Colleague: 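One structure coming up, written as structure tokens, with questions to follow.
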Amino acid sequence: MASEAIEHQNESRSPPQLESPRPLQGERKKDIEIRDGNGVVEVSEEARIERLGRMRPERFRTVWEEIGFCFSVVMSQALTEYFVSGFNVILPTVAQELNIPRPSQTWPTAAFSLVVSSFLLTFGRLSDMYGGKLVYVCGIAWLFVWSIVAANAQNELMMDFCRALQGLGPAAYLPSSLMLLGSIYRPGPRKNLVFSIYGAMAPLGFYIGIFFAGVTAEFATWSWFFYIGAILTGVTGVIAYFTIPSDTKERRQMNIKMDWLGAVLISTGLILVVFAITDSSHAPNGWATPYIPTLLAVGLIILGAAVYVEGWVAEMPLLPADLFKVKYMTPLIIALLFNYGTLGIFLLYATFYMTYIMGGSPMQLVAWFTPMALGGCIIATVGGFVLHIISGTIIVIIAGVSWIIAPLLFAIMPVDANFWAYTFPSMVCATVAIDLTFNVTNIFITTSMPLRRQGLAGALINSILQLGIAISLGFADIVASGTEGKGLRRSYKAVFWFEVAWAVVALVLLVGFVKLDKAKSELTADEREELEMRSRREQMRAEEAEQGDS
């Protein structure tokens, strides 16, 4: 395609900071020296790459600089999960005080994920253009402002509006956070550890969210949930401003351009499709309501136009076609859409079930979710030390089975079920599923992308997560509404069985079509490209030399 050729020409320009691994200097070189029987010093290429994968990046002069950077960036996960999980806990209280009917209670949750998923690619490209630090700090600042506004919401419409605009903050800082991590850390154990800490912040943020939501809902007002979130966001923004190294200058030198037409079409198409799916169960006549199939059809047409623009028109498309040529990338993306969709269903409907069926108070929900939070921190952190030892395929299969067991236990749970027999193992399986999946696939996707596409990598990862949640919640809402006549308990159980089916599809895709290696020290994507280019040039010179001799 013409657009691919133009893109390849633009992207083939190596940015100034890209270099293939070079021998270490001074004292560091001694760590990888090998002496043969004659005393000759040689440097093992494999040992050198392994050493590079364990070193502190050169951008950080001290370990404290690295710690400050990592804290400010990994907080992006904690903040996002805070506003997702915590809002699920305060939702019954918010719904009661703002008079939100039960059929519409999905919207404040879905609106957040919908906006995040719809604008991630756009902000990912802006990160590649102007630098991760600028976009990250701006996204944090935006979330801070709209968290304060949400704390003062007076009715259902205002809450929906605030939650949607809150979503623009994570849409900006999530891809830029992964871009910063993926750009600074090269493949190896150090990257595995940092990415595992990044993943561990998700269950930690999840728990902080439900904890403060439970406290504020039971002992204060729900507004304080948003005020506390604003305080955490403000602290993160200040630390990020002073600790994240600026990459604006080097990003501008890459001459990356925005695909505005593709950005508008993709965002608009996704919003219309997800809105039609989610609102179909609340429309007066369901799918027979005229605006539902109309919006769905228009959304699909717009997404079809986006595919055409991305493949044949855009000079630098937001979703380059060669992205899907990376081995196992396409089936992995589809499987992750199903996996992350089950996460969104589980978090929301487990909260509903424990609140309305099990009769749990906000603080009881905090206690019941504790195994998921603590287990997540442990699993994610420990995973950083073993991802370079255990095959990624084995890890995602373990995660895939856990995705099935977590909702299955709620689906078969009897009345007055024992917490330790059903709820506790369900929470443990849920955290095993999300943490293992998140860590392994994030490392695979970022390692597969060159430096110029790390913003795209971050956007892609989070788009899959948020879009999977938004779409799956829409279908789950259809299932819940369609079975509501059988009673609330049976309605929720039908949703959990739907989630089990969703997880089974994901596991089949992962087992049948995806194979992931160990996350070991290796060349970066840019270094592999450079070596391939050198090899092709040498081959061409050899062929020219042979022709000259003949």
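The model shown is predicted, which means the values in this text are computed figures rather than measured ones.
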Colleague: Decide side-chain contact (heavy atoms from CB on, under 4.5 Å) for Asp477 and Tyr349; before the verdict, give the C-alpha distance in whole Å, the side-chain angles of both, and the deciding distance to 0.1 Å.
Modeller: CA-CA 10 Å; Asp477 202 22; Tyr349 281 89; 3.8 Å; yes
Colleague: Side-chain contact, heavy-atom cut-off 4.5 Å: Thr423 with Met354?
Modeller: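 SC-SC contact between Thr423 and Met354 confirmed.
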Colleague: If you look at every heavy atom in Ile443 and Lys191, which pair is closest and at what distance?
Modeller: O-NZ, 4.4 Å
Colleague: Evaluate the side-chain contact (heavy atoms from CB on, under 4.5 Å) criterion for residues Phe87 and Gln166: first the C-alpha distance (whole Å), next the side-chain angles of each, then the deciding distance (0.1 Å), finally the verdict.
Modeller: CA-CA 12 Å; Phe87 187 79; Gln166 266 193 311; over 6 Å; no
Colleague: Less than 4.5 Å apart, side chain to side chain, heavy atoms only: is that true for Pro371 and Thr431?
Modeller: no
Colleague: Report the distance from atom OH of Tyr185 to atom CZ of Arg190, rounding to the nearest 0.5 Å.
Modeller: 6.0 Å
Colleague: Show, in sequence, the C-alpha distance, side-chain angles and deciding distance for Thr393 and Tyr328, and conclude whether the side-chain contact (heavy atoms from CB on, under 4.5 Å) test is met.
Modeller: CA-CA 11 Å; Thr393 299; Tyr328 306 123; over 6 Å; no
Colleague: We want to know whether Ser177 and Tyr198 form a side-chain donor-acceptor pair, criterion being a heavy-atom distance below 3.5 angstrom.
Modeller: yes
Colleague: Looking at every non-hydrogen atom in both residues, tell me the closest pair between Leu436 and Ala399 and how far apart they are.
Modeller: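 Here Leu436 and Ala399 meet closest at CB-CB, 4.0 Å.
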Colleague: Does Met372 reach the side chain of Leu347, with side-chain heavy atoms less than 4.5 Å apart?
Modeller: yes
Colleague: Please set out all donor-acceptor pairs under 3.5 angstrom arising from side-chain atoms of residues 407-420, sequence neighbours excluded.
Modeller:
{"from": "Asn418", "atom 1": "OD1", "to": "Trp420", "atom 2": "N", "distance (Å)": "2.8"}
{"from": "Asn418", "atom 1": "OD1", "to": "Ala421", "atom 2": "N", "distance (Å)": "3.2"}

Colleague: Tell me if the aromatic rings of Tyr173 and Phe123 count as close, with their centers under 6.0 Å from one another.
Modeller: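 No, the ring of Tyr173 stays outside the 6.0 Å limit from the ring of Phe123, centre to centre.
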Colleague: Please check this pair: side chain of Arg163 against backbone of Ala111, looking for a donor-acceptor N/O pair closer than 3.5 Å.
Modeller: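 No; zero donor-acceptor contacts below 3.5 Å.
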Colleague: If you define the side chain from C-beta out and look only at heavy atoms, does anything of Leu516 sit under 4.5 Å from Val440?
Modeller: yes
Colleague: With sequence neighbours excluded, what pairs up with Thr370 under the side-chain hydrogen bond (donor to acceptor under 3.5 Å, both in side chains) test?
Modeller: Tyr207
Colleague: List the residues meeting side-chain hydrogen bond (donor to acceptor under 3.5 Å, both in side chains) with Thr437, not counting sequence neighbours, and say none if there are none.
Modeller: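 Thr437: side-chain hydrogen bond (donor to acceptor under 3.5 Å, both in side chains) contacts with Trp403.
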Colleague: So do Asn339 and Leu510 actually touch side chain to side chain, heavy atoms under 4.5 Å?
Modeller: yes
Colleague: Find the distance between SG (Cys162) and CD1 (Ile148) and round it off to the nearest 0.5 Å.
Modeller: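 Separation between the atoms: 11.5 Å.
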Colleague: Would you say Phe161 has more than 12 foreign heavy atoms packed within less than 6.0 Å of its CZ?
Modeller: no
Colleague: Do the side chains of Phe475 and Val479 get nearer than 4.5 Å, heavy atoms only?
Modeller: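 In short, these two side chains do not touch, never coming nearer than 4.5 Å.
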Colleague: Taking only residues two or more places apart in sequence or in another chain, which ones pass side-chain hydrogen bond (donor to acceptor under 3.5 Å, both in side chains) with Asn155?
Modeller: none
Colleague: Where is the tightest heavy-atom contact between Ile445 and Met329, given as atom of each residue plus distance?
Modeller: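 Shortest heavy-atom separation between Ile445 and Met329 comes out as CG1-SD, 4.2 Å.
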Colleague: Hey, is OH on Tyr356 packed in by over 12 heavy atoms from elsewhere, all under 6.0 Å?
Modeller: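 Count over threshold, so yes.
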Colleague: Any chance you could measure Leu332, atom CG, to Lys515, atom NZ, to the nearest 0.5 Å?
Modeller: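 It is 15.0 Å, given to the nearest 0.5 Å.
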Colleague: Which heavy atom in Ala213 sits nearest to a heavy atom in Gly86, and how many Å separate them?
Modeller: CB-O, 3.2 Å
Colleague: Which atoms form the tightest heavy-atom contact between Met363 and Gly214, and what is the distance?
Modeller: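 So the two residues come closest at SD-C, 3.5 Å.
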Colleague: Got Ile461 and Thr441 here, is their nearest side-chain heavy-atom distance under 4.5 Å?
Modeller: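 With C-beta onward as the side chain, the pair stays apart.
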Colleague: Would you find more than 12 non-hydrogen atoms of other residues, nucleotides or ligands less than 6.0 Å from Arg489 atom CZ?
Modeller: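 Yes.
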Colleague: Between Ser72 and Phe69 (side chain of the first, backbone of the second, donor and acceptor by atom type, cut-off under 3.5 Å), is there such a pair?
Modeller: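 Such a contact is found between Ser72 side chain and Phe69 backbone.
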Colleague: For the side chain of Ser85 and the backbone of Phe206, is there at least one donor-acceptor N/O pair under 3.5 Å apart?
Modeller: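 It does hold such a pair.
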Colleague: Determine, stepwise, if the pair Ile210 / Glu81 fulfils side-chain contact (heavy atoms from CB on, under 4.5 Å).
Modeller: CA-CA 9 Å; Ile210 62 173; Glu81 289 300 321; over 6 Å; no
Colleague: Taking Ser402 for its side chain and Ala433 for its backbone only, find out whether a donor-acceptor pair lies under 3.5 Å.
Modeller: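 Pair absent, no side-chain N/O of Ser402 close to backbone of Ala433.
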Colleague: Taking side chain to side chain contact (heavy atoms under 4.5 Å, CB included) as the test, write out the residues that go with Thr268, two or more places apart.
Modeller: Val264, Leu272, Ile302
Colleague: First locate atom CG of Leu319, then atom CD1 of Ile266, and finally report the distance between them rounded to the nearest 0.5 Å.
Modeller: 5.0 Å
Colleague: Before giving the answer on ring-ring contact (aromatic ring centres under 6.0 Å, His included), spell out for Tyr82 and Phe225 the whole-Å C-alpha distance, their side-chain angles and the decisive distance to 0.1 Å.
Modeller: CA-CA 9 Å; Tyr82 175 92; Phe225 167 77; 4.6 Å; yes
Colleague: Ala476 and Val495: which non-hydrogen atoms are nearest, and at how many Å?
Modeller: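 Scanning both residues completely, I find the closest heavy atoms to be O-CG2, 3.7 Å.
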Colleague: Check whether Ser118 reaches the backbone of Val115 with its side chain - one donor and one acceptor, N or O, closer than 3.5 Å.
Modeller: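 Here the side-chain-to-backbone pair does not exist.
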Colleague: What side chain to side chain donor-acceptor pair (under 3.5 Å) pairs are there with at least one residue in residues 210-232, not counting sequence neighbours?
Modeller: Glu97-Trp222, Asn152-Tyr227
Colleague: If you define the side chain from C-beta out and look only at heavy atoms, does anything of Val149 sit under 4.5 Å from Met158?
Modeller: yes
Colleague: To the nearest 0.5 Å, how far apart are CG in Asn462 and CG in Leu178?
Modeller: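 The CG atom of Leu178 is 5.5 Å from CG of Asn462, to the nearest 0.5 Å.
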Colleague: Checking the side chain of Ser491 only, and the main-chain atoms of Ala480 only, is there a donor and an acceptor separated by less than 3.5 Å?
Modeller: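 Yes, because the side chain of Ser491 sits within donor-acceptor range (under 3.5 Å) of the backbone of Ala480.
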Colleague: Measuring from Leu473:CG to Ile478:CD1, what's the distance to the nearest 0.5 Å?
Modeller: 11.5 Å
